[in-house]
Amino acid sequence: MAIQYRQNERIFTLNTEHTTYQIKVDKYGFLLHLYYGAKVDGNMDYLLTYYDRGFSGNPPDAGEERTYSLDALPQEYPAAGNGDYRNTAFVLHNADHSECCDLRYVSHKVWKGKYGLEGLPAVYAAKEEGETLEILLEDAVSKIQVQLLYGVLEKEDIITRSAKITNGGKECVWVEKAASACLEFLHGDYDLISFYGRHAMERNFQRAEIVHGTQMIGSRRGTSSHQYNPAVILANKDATEDTGGCYGMLFVYSGNFLCEAEKDQYGQTRVLMGLHSDLFHYPLESGETLVLPETILCYSDQGFGALSRRYHRCIREHICRGKYSKAKRPILINSWETAYFDFNAETIYKLAEEAAELGIDMVVMDDGWFGKRDDDNSSLGDWQVNEKKLGCTLGELTKKVNRLGVKFGIWIEPEMVSEESSLYKTHPDWVMKIPKRSPVRSRNQLLLDFSRKEVRDYIFHRICEVLEQGNIEYIKWDMNRSLSDIYSSKTLPGKVTYAYALGVYDFLEKLLQKYPNMLIEGCSGGGGRFDAGMLYYTPQIWCSDNTDAIDRLEIQYGTSFFYPVSSVGAHVSAVPNHQTGRSVSLHTRGVVAMAGTFGYELDPAKLTVKEKEEIQAQIVYYKEHADLINTGEYFRLSDPMRADYGAWMFVSKQKDEALVSVVMLKIHGNMTVNYVRMKGLKPDVVYEVDGSKGRYYGSALMEAGLPMPIRTTEYPAYQIYLKAVRN
Ligand code: GLA
């Protein structure tokens, strides 16, 4: 049993293969956090200390016991209003307008299998792979009940946390803030690693010391955002890529989120992850339940690399679902950077012909095929094929493409409407808009109110009508602006951002139920909604609108801390690059895009015969190693922001083969040699390098490394294939 309860001490212990998490119900019924970290034995309540501390109040039941204060004790679900002055996980606005919720233990249940969350994405597991602990807390006055949920995936070293909040009272209350996880550390200095960014430059790695005060990241944009990813690492000061203790917190949600890391007056650290409290004021009627998105926790005592590999496995095997969670992804060519809005059926067909010749599996018709969409100012919402522009029906086009042996995919942006559209003229009341105010425009488009079922249903039917017209096997689901004007004429104020996110999930779920074999790639101006919530529905996400191979090294480096390569949409695009103007060799672009789902975003007709041959060879190489790349263990070999090269490698489960990728970033006169040290190999096994280029022990490759050639050119790249030959 991964979950144990010691009745006498009222201590819950959650054990995974390498970690322990411990909780105690104390004498007053408060739920205290005792420990999370490397596996330990015994009761950890000896860690708690009690002192009479100035200006840290005592709960009424503590009587004369002035040493008992929630302001100093580590808690599982700290609520505001009980003398804890730190950031709390839960803020409740009662019917009498007081802000307080005094949560005490009522009961608990343990069961086999991992809990699920209604309407929300969550880690799933077979019955024998997971266990659930549910602890019920209640406020005796308001009768608000909080069911804390803990999922334990023992083998994966994963613990998930979520909560359900139910109003057991008679009057309406308002949830003002609700985190799903709280980590507490009684002592120690920590760094917070987060991933900031902007459109076309997402998920930059940032490491900062947690000092007294609160450091917070989050999103108020209605999506998880380009600006901060809903994932953080709490690292011991000495933690590195390969050594030291670190904790991951990954929020499985695609809307507004808030992560707060606070070092308090006693040097204790509290980190909260949950829904953002801004633009959130959730009315909970009598009998109603609010389900919180979950946070995936993981601890590694072997640095960030091991932590990442655990998250990769968890996402691949317990978040991504459906056929494509396992099946090989098609290599695709997308029309966006090839033609933008300027295409017809002939253009797409030609692209498919080129694709067939090159060995590409699928052609994707991006934005511009519907309504009167010849630029990004009109027609969103009018999901009717523009047959005049295409010059034929969608059915005819897909048939022709399929006849070449090429699959067909299509771009949609269901959540949006252009003011210049028939949909807007018919249903101006369907947009997110505050009464008497004009809504904020972004990319000249407005948001449909996806918190409303009738709006979703209408769009769903229009999109299905399109999908029925031909053999469409892939959808790129885009979302090209942030939410603003948070108001809905149907959904109660305070619920809108949450209901919007659940509306998107509901739509995606219905789409997958109707088209179980459809591959959906998520996208929000590239990686503006790159999160574990979306990955539950869309096993791959367009990582960034920036396809520059050198910028991608940094973007994909940051992305790799939580998300597996199989989720990272990456394409080879034309040079000079459309976002940066930089020119990098086709080989280097290929090497970088192969750390992802792999595809192309250029016009092959503009390539030379030699370049086409090179692409054919790239595709053969990728297909040959697709399993190793997508299911192998991923190792970061350098930090491309600081090192002279960007390098990473994939190692098979049996460690009998590996693929190392290196992109040289610096070139100088009379250049020094760079040695790339490998990871994850068997030290006592001999590996053959690229067929016949030498045989070396794993230990040598890992300890001393391989020298990289010096070439007087910018950004040369290498792919080194290692095969175990003997022990
Ligand atoms: C977004 C996407 C692009 C492309 C355009 C189309 O920016 O990220 O890849 O699909 O929209 O408008």
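As the structure lists them, so they are numbered: ligands from 1, and atoms in each ligand from 1. Keep in mind that what you see is a predicted model, and the values were worked out from it rather than measured.
Between R582 and D551, at least one side-chain nitrogen of the basic residue sits less than 4.0 Å from a carboxylate oxygen of the acidic one, meeting the salt-bridge criterion. Using a 4.0 Å cut-off between charged side-chain N and carboxylate O, R373 and D367 make a salt bridge. Between K372 and E420 there is no salt bridge, since no side-chain nitrogen of the basic residue lies less than 4.0 Å from a carboxylate oxygen of the acidic one.
On a distance-only criterion, D366 and ligand 1 share at least one N/O pair closer than 3.5 Å. Checked by distance only, ligand 1 and N480 come closer than 3.5 Å through their nitrogen or oxygen atoms. The shortest N or O to N or O distance between E601 and ligand 1 is not under 3.5 Å. Where the criterion is an N or O separation shorter than 3.5 Å, residue side chain and backbone included, S524 fails it with respect to ligand 1. Among the atoms of K476, some N or O lies under 3.5 angstrom from an N or O of ligand 1. For the pair G526 and ligand 1, the shortest N or O to N or O distance falls below 3.5 Å.
Counting heavy atoms closer than 4.0 Å to ligand 1, residue N334 contributes nothing at all. Here R443 has side-chain heavy atoms under 4.0 Å from ligand 1, and that is the only part of it that gets that close. The residue E413 has no part lying near ligand 1, judged by heavy-atom distances below 4.0 Å.
Checked against the 6.0 Å centroid criterion, the rings of W430 and Y458 qualify as a close aromatic pair.
Distances below 4.0 Å separate heavy atoms of D367 from the following atoms of ligand 1: 6 (C), 12 (O). Ligand 1 places these atoms under 4.0 Å from at least one heavy atom of W542: 8 (O), 9 (O). Every atom of ligand 1 with a heavy atom of C523 under 4.0 Å away is listed here by number and element: 2 (C), 8 (O).
For the pairing with E415, the salt bridge (charged side-chain N to carboxylate O under 4.0 Å, His left out) check across R481, R452, R529 returns one residue only, R529.
When hydrogens are left out, the protein atom nearest atom 1 (C) of ligand 1 is D478 OD2, 3.0 Å; that is the closest non-hydrogen contact. Looking from atom 8 (O) of ligand 1 to the surrounding protein, the closest heavy atom is D545 OD1, 2.4 Å.
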Test log, rule salt bridge (charged side-chain N to carboxylate O under 4.0 Å, His left out), inputs K389 and D374: CA-CA 9 Å; K389 174 172 175 173; D374 288 323; 3.0 Å; yes

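Residue contacts with ligand 1 do not include D376, since none of its heavy atoms lies under 4.0 Å from the ligand.
A donor atom on one side chain and an acceptor atom on the other are found under 3.5 Å apart for T547 and Q579. Under 3.5 Å, the side chains of N546 and D548 contain no donor-acceptor pair of N or O atoms. For the 3.5 Å distance criterion, the side chains of Q618 and Q719 fail to qualify, holding no donor opposite an acceptor.
For the pair R309 and Y634, the cation-pi criterion (under 6.0 Å, within 45° of the ring axis) is not fulfilled.
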